[in-house]
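Structure first, then comments.
Each chain gets a letter, A, B and so on, in the order the sequences are listed, and its residues count up from 1. Scope of the values below: all heavy atoms of this structure, side chains included, with no hydrogens, waters or symmetry mates.
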Amino acid sequence: KQEVTQIPAALSVPEGENLVLNCSFTDSAIYNLQWFRQDPGKGLTSLLLIQSSQREQTSGRLNASLDKSSGRSTLYIAASQPGDSATYLCAVPESYNTDKLIFGTGTRLQVFP
Amino acid sequence: DARVTQTPRHKVTEMGQEVTMRCQPILGHNTVFWYRQTMMQGLELLAYFRNRAPLDDSGMPKDRFSAEMPDATLATLKIQPSEPRDSAVYFCASGLMGTEAFFGQGTRLTVV
């Protein structure tokens with residue numbers, strides 16, 4: 001059964017720092033991995049989707065990497081800003097033949113000025 | 001700007017009442033999900049449709065919950081009768097197989 005773990009559960013950093021959020025999954029037979037952002041009281045916003053054939057995906061200051069063999073993904077945020085404060089969630093399909101997503105419990109990020 | 005639309009955004013109801021939540025998926029998407037989010041359990045999948053057919057509703061309490069897609073532009077999640085433990089935020093998401101899933105803003109349900 002696919003399980004997704006995110007470390008750390010919470011992170012508080014000063015503005016300007018580069019930071020790494022971690023996601024690990026137990027079943028490496030995935031075809032993609034998706035990172036989301038959730039602001040308090042809001043829905044989930046898709047940040048990046050990495051296909052299994054890719055190792056990295058970039059969007060602005062965000063860079064996500066995927067290592068299927070080790071069951072890990074990292075989300076790198078460069079030059080963090082207070083506006084980056086949110087909960088970040090990763091999700092993978094439950095198995096290779098479904099698009100049913102299994103979510104991690106998230107990393108709550110606070111960037112202070 | 002294509003987006004998933006959920007109504008209502010907030011709902012307060014008394015225990016025992018019927019609750020219906022609605023979702024309009026993004027036009028052209030053939031996969032629709034219903035998730036429930038609570039502090040204790042995080043995001044749990046309740047139901048999952050592809051091309052309007054239910055593929056998996058194993059996460060849903062069948063005695064009181066039901067999910068349907070009357071047509072390609074509408075998905076519904078119904079709770080009857082509602083209980084206080086159903087209080088949560090319910091999200092609808094849509095997508096195409098193998099691509100990004102897009103989430104609505106959610107319905108915050110409070111059952112008193």
Above 12 or not: heavy atoms from other molecules or residues under 6.0 Å from CZ of B:Arg64?
-> yes

Can you find a pair of side-chain heavy atoms, one from B:Leu55 and one from A:Lys100, that are under 4.5 Å apart?
-> no

How many angstroms lie between CZ in B:Phe103 and OG1 in A:Thr45, if you round to the nearest 0.5 Å?
-> 10.5 Å

Is there a side-chain contact between B:Leu43 and A:Leu44, using heavy atoms and a 4.5 Å cut-off?
-> yes

Would you find more than 12 non-hydrogen atoms of other residues, nucleotides or ligands less than 6.0 Å from A:Lys68 atom NZ?
-> yes

Please determine, among B:Ala93, B:Gly95, B:Ala101, the option with the most heavy-atom pairs under 4.5 Å with chain A.
-> B:Ala101

At a heavy-atom separation under 4.5 Å, does A:Thr98 approach chain B through its side chain, its backbone, both, or neither?
-> both

Determine whether more than 12 heavy atoms belonging to other residues, nucleotides or ligands lie under 6.0 Å from atom NZ of A:Lys1.
-> no

B:Gln41 portion near chain A, given a 4.5 angstrom heavy-atom threshold = neither

Neighbour count >12 (heavy atoms, 6.0 Å) for atom CZ, A:Arg55 | no

So, for B:Tyr35 and A:Leu101, which heavy atoms are closest and what is the spacing to 0.1 Å?
-> OH-O, 2.8 Å

Do the side chains of B:Val19 and B:Leu77 join up, straight or via other hydrophobic residues, at under 4.5 Å, putting them in one cluster?
-> yes

Check whether any side-chain heavy atom of B:Phe91 sits under 4.5 Å from a side-chain heavy atom of A:Gln38, and report yes or no.
-> yes

Are A:Leu48 and A:Leu109 co-members of a hydrophobic cluster defined by side-chain heavy atoms under 4.5 Å apart?
-> yes

Shortest non-hydrogen separation from B:Arg108 to A:Gly41 and the atoms involved = NH2-CA, 3.9 Å

Where B:Thr99 and A:Asn32 come nearest, the two heavy atoms and their spacing = N-ND2, 4.2 Å

With rounding to the nearest 0.5 Å, note down the distance linking CG in A:Asp99 to CG in B:Asp56.
-> 11.0 Å

Decide side-chain contact (heavy atoms from CB on, under 4.5 Å) for B:Met97 and A:Tyr31; before the verdict, give the C-alpha distance in whole Å, the side-chain angles of both, and the deciding distance to 0.1 Å.
-> CA-CA 10 Å; B:Met97 178 85 180; A:Tyr31 56 85; 3.8 Å; yes

Examine whether an atom of A:Asn97 lies under 4.5 Å from a heavy atom of chain B, and if so say whether it belongs to the side chain, the backbone or both; otherwise answer neither.
-> backbone

Are A:Leu66 and A:Leu21 connected in the hydrophobic side-chain network, where two residues link if heavy atoms are under 4.5 Å apart?
-> yes

Connected via hydrophobic side-chain network under 4.5 Å: B:Val89 and B:Met21 = no

Check whether A:Leu47 and A:Ile77 end up in the same hydrophobic cluster, where Ile, Leu, Val, Met, Phe, Trp and Tyr are linked by side-chain heavy atoms less than 4.5 Å apart.
-> yes

